[in-house]
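The chains referred to below are lettered A, B, ... by the order of the sequence lines, with proteins before strands, and numbering in each begins at 1.
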Amino acid sequence: MHKLYISNLSEHVGEVVSVKGWLYNKRSSGKIKFIILRDGTGYLQCVYFKGNVTPEIFELADSIGQESAIEVTGTVKAEPRSPGGYELDATGLTILHETHDYPITPKEHGVEFLMDKRHLWLRSSRQVAIMKIRHRIIKAVRDFFDDRGFTLLDSPILTPSACEGTSTLFSTDYFDLGKAYLTQSGQLYAEAGALALGKVYTFGPTFRAEKSKTRRHLTEFWMVEPEVAFADLDDDMDLAEEFLEYIVQSVMKDRAEELKVLERDLTPLQKVVRPFPRISYDEAVNILHAEGVEFEWGNDFGAADETIISGKYDRPVMVHRYPSEVKAFYMKRDPENPKVALAVDVLAPEGYGEIIGGSQREDDLDLLIGRIKAHELPMEDFEWYLDLRRYGSVPHAGFGLGIERTVAWICGLEHVRETIPFARMIYRKTP
RNA sequence: UCCGCGAUAGCUCAAUGGUGGAGCAUUCGGCUGUUAACCGAAGGGUUGCAGGUUCGAGUCCUGCUCGCGGAGCCA
């Protein structure tokens, strides 16, 4: 079946065509009516002149409400006055489903109202643009790793224990085996995969029951986590910067129209090219002190701190060697300074904060056992993980990229709730 | 969890303690090139919930519910 979509009408100028879609907006001026049709691929202005159509159709064009499903028939022509450059000199109109009182009018609305109507809000041009960019980012993620010999490794969603801390887990009953927890990260499983396949990445939803109520937090978010055997922290940072450059350049190349709909300033995105600045945690602390910020060595950076640090650079900045106390148990300590871990956070520009967290992993069995005890984690749940250090342990490293924060940054959005079709947040689980 | 702000028509918002309004949406009328079109008219309200102060509360006070912004925590 050959179907016609608005996005390729430019190949049909002069032809009589029929297009199915939804009524996005309409305007009328006595003997001429304009209907804006959307079909998911674009927007098409359909013009009804009173003299060109039957009185019934002319009347029909006036009566249908916003978001009615319709099929329009007419001649395609190039028209500079029309949004999109083409319009339909319409002669026919068929109503497929008539709609009245569509709640989201082409005017301003509040956040609560729009989130309650998220299933309908997705139809707006802005949300369509965001979803298309999100899709392009995810495609870039997969292309990047696939083209470099990585194997996709799907990690489990239901897991026996935490990776970070037990206070932030969603739990569910699991038959006779007690509780199961929704995964916070696929990383431990990615490590097993890296020692099997050399280079792997996991990609899927992750869950955090933190009561975080900020523009950068969801309880359910998507994360991609590469893991590479025989790699150290420097290799990890090389991979991260090449990865981010590839994603941003891919979106700018293929989604220019959508970025324009979002009125995204492209200047900062054009600067996202290698090499990215690499500074140590100590240097980052010095930056804060030079700015007059009271900051104690050993703490993690807050959102305001990250903005100050990243504001010193015009591209993503990689901050490495954090105090090991504030980082996860599996991160390897720096042999030259055991107080710091071989970890890296990548801070996005323009105040978007941390989008990547990564590290070289602890590959020594005894040190790892000591760390699990120090964090008071249940040793029995990690026996399988310790096996990775018993049998052919090698230096390895990886990182996690948060998809929603990346989408928010590239799209220039205020809040991550718009970056995912149906956001899950501390005070919202519907629709 | 803590701090701050808010809740009035379908939506976005006004209203000095003294008869609750506007724009958009809807319905009707007008307009042959509109760009969130425009012009005219009409309908549309238990002012989040429960108490209290007052001659009188949308407005002041107390509690609750819901939401927004931020913090902590994190990607």
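- In this structure, of B:A75, B:U27, B:U34, it is B:U34 that holds the atom nearest to the side chain of A:R27.
- A straight line from CD of A:E112 to C1' of B:U12 spans 14 Å, rounded to a whole angstrom.
- B:A41 sits 45 Å from B:U53 when the P atoms are compared, rounded to a whole Å.
- Residues satisfying the side-chain contact (heavy atoms from CB on, under 4.5 Å) test with A:D154, not counting sequence neighbours, are A:L152.
- Straight-line distance between the C1' atoms of B:G45 and B:G69: roughly 29 Å, to the nearest whole Å.
- Within the 4.0 angstrom heavy-atom criterion, no nucleotide atom of any strand lies near A:Y102.
- A gap of 13 Å separates the P atoms of B:U59 and B:U8, to the nearest Å.
- Of the side-chain N and O atoms in A:R417, one or more sit less than 4.0 angstrom from OP1 or OP2 of B:G69.
- Of the P atoms belonging to B:C38 and B:A7, the separation is 28 Å, rounded to the nearest Å.
- Among the heavy atoms of the strands lying under 4.0 Å from A:F113 are primed sugar atoms or P, OP1, OP2 only; no base atom is included.
- Between A:Q66 and A:T105, the side chains place no donor N or O within less than 3.5 Å of an acceptor N or O (distance only, hydrogens not considered).
- Between the CD1 atom of A:I35 and the P atom of B:U34 there is a distance of 17 Å, rounded to whole Å.
- You'll find a donor-acceptor pair under 3.5 Å spanning the side chain of A:R405 and the base of B:C74, going by distance alone.
- Residue contacts shown for A:D345 are absent, as no nucleic acid heavy atom lies under 4.0 Å away.
- Contact annotation for A:K213: base contact, defined as any heavy-atom pair under 4.0 Å involving a base atom.
- Counting any heavy atom pair closer than 4.0 Å across all strands shown, A:E225 reaches no nucleic acid atom.
- Using a 4.0 Å heavy-atom criterion, one finds that A:Q45 contacts the bases of the nucleic acid, with or without backbone contacts as well.
- Base contact: A:T214 has a heavy atom under 4.0 Å from a base atom.
- Between A:H217 atom NE2 and B:C68 atom P there is a gap of 16 Å when expressed in whole angstrom units.
- Counting atom types as modelled, A:E414 pairs no side-chain N or O with a base atom of B:G69 as donor and acceptor under 3.5 Å.
- Separating the C1' atom of B:U1 from that of B:G56 is a span of 41 Å, rounded to the nearest Å.
- One donor-acceptor pair, N or O on each side, does fall under 3.5 Å between the base of B:C31 and the side chain of A:S28.
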Decide ring pair (Phe, Tyr, Trp, His ring centres under 6.0 Å) for A:F276 and A:Y313; before the verdict, give the C-alpha distance in whole Å, the side-chain angles of both, and the deciding distance to 0.1 Å.
CA-CA 9 Å; A:F276 298 167; A:Y313 305 93; over 10 Å; no
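- Side-chain atoms of A:Y330 and A:Q187 include a donor-acceptor pair closer than 3.5 Å.
- Among the nucleotides B:U32, B:U26, B:G67, the one closest to any side-chain atom of A:Y427 is B:G67.
- In RNA chain B, runs of at least 3 stacked Watson-Crick or G-U pairs (N1-N3 plus N6-O4 or O6-N4, or N1-O2 plus O6-N3, all under 3.5 Å) give these stems: B:1-7 with B:65-71, B:10-13 with B:21-24, B:26-30 with B:38-42, B:48-52 with B:60-64.
- Within the 4.0 angstrom heavy-atom criterion, only backbone atoms of the sugar-phosphate kind lie near A:H109; the bases stay farther away.
- Here B:U26 is the nucleotide among B:A75, B:U26, B:U32 with the atom lying nearest to any side-chain atom of A:D101.
- Distance CD1 (A:I32) to P (B:C38): 17 Å, rounded to an integer number of Å.
- Residue A:P103 is out of contact with every strand shown, counting any heavy-atom pair closer than 4.0 Å.
- Classification of the A:F243-A:F399 ring pair by plane angle, with boundaries at 30° and 60°, yields tilted.
- In this structure, A:K33 satisfies the cation-pi test against A:F58, with its NZ or CZ atom closer than 6.0 Å to the six-membered ring centre and inside 45 degrees of the ring normal.
- Contact annotation for A:L401: no contact, since no heavy-atom pair falls under 4.0 Å across all strands.
- In this structure, A:K26 atom NZ and B:A25 atom P are separated by 11 Å, rounded to whole Å.
- Distance A:I104 CD1 to B:U26 C1': 17 Å, rounded to the nearest Å.
- B:C73 and B:G58: their P atoms are spaced 45 Å apart (whole Å).
- Aromatic ring pairs are classed by plane angle as parallel below 30°, tilted from 30° to 60° and perpendicular above 60°; the pair A:F382 and A:Y385 is perpendicular.
- Using a 4.0 Å heavy-atom cutoff across all strands shown, A:T206 reaches no nucleic acid atom at all.
- If you check the side chains of A:T73 and A:S18, you find a donor sitting under 3.5 Å from an acceptor.
- Nucleotides B:G6 and B:C61 have their P atoms positioned 11 Å apart, rounded to a whole Å.
- Contact annotation: A:K211 reaches the phosphate of B:U1 (side-chain N/O to OP1 or OP2, under 4.0 Å).
- A:T41 and A:D39 share a side-chain donor-acceptor pair at under 3.5 Å.
- For A:F34, counting side-chain heavy atoms from C-beta on, the closest listed nucleotide (B:C68, B:G33, B:C74) is B:G33.
- Rounded to whole angstrom, the span from the CG atom of A:L169 across to the P atom of B:A75 amounts to 13 Å.
- Applying the 6.0 Å contact sphere to NE2 of A:H100 captures more than 12 heavy atoms from other residues, nucleotides or ligands.
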What protein N or O atoms touch nucleotides 22-24 of chain B N or O atoms at under 3.5 angstrom, if any, and at what distances?
none

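- Rounded to whole Å, the P atom of B:U34 lies 32 Å from the corresponding atom of B:G43.
- Residues A:I130 and A:Q127 form a side-chain contact, since some pair of their non-hydrogen atoms from C-beta on lies under 4.5 Å apart.
- At whole-Å resolution of the value, CG in A:D116 and C1' in B:C68 are 13 Å apart.
- Taking the six-membered ring where tryptophan is involved, the planes of A:F207 and A:F170 are perpendicular, since the angle between them exceeds 60° and thus also 30°.
- Salt bridge annotation for A:K139-A:D146: absent, with no cationic side-chain nitrogen under 4.0 angstrom from a carboxylate oxygen.
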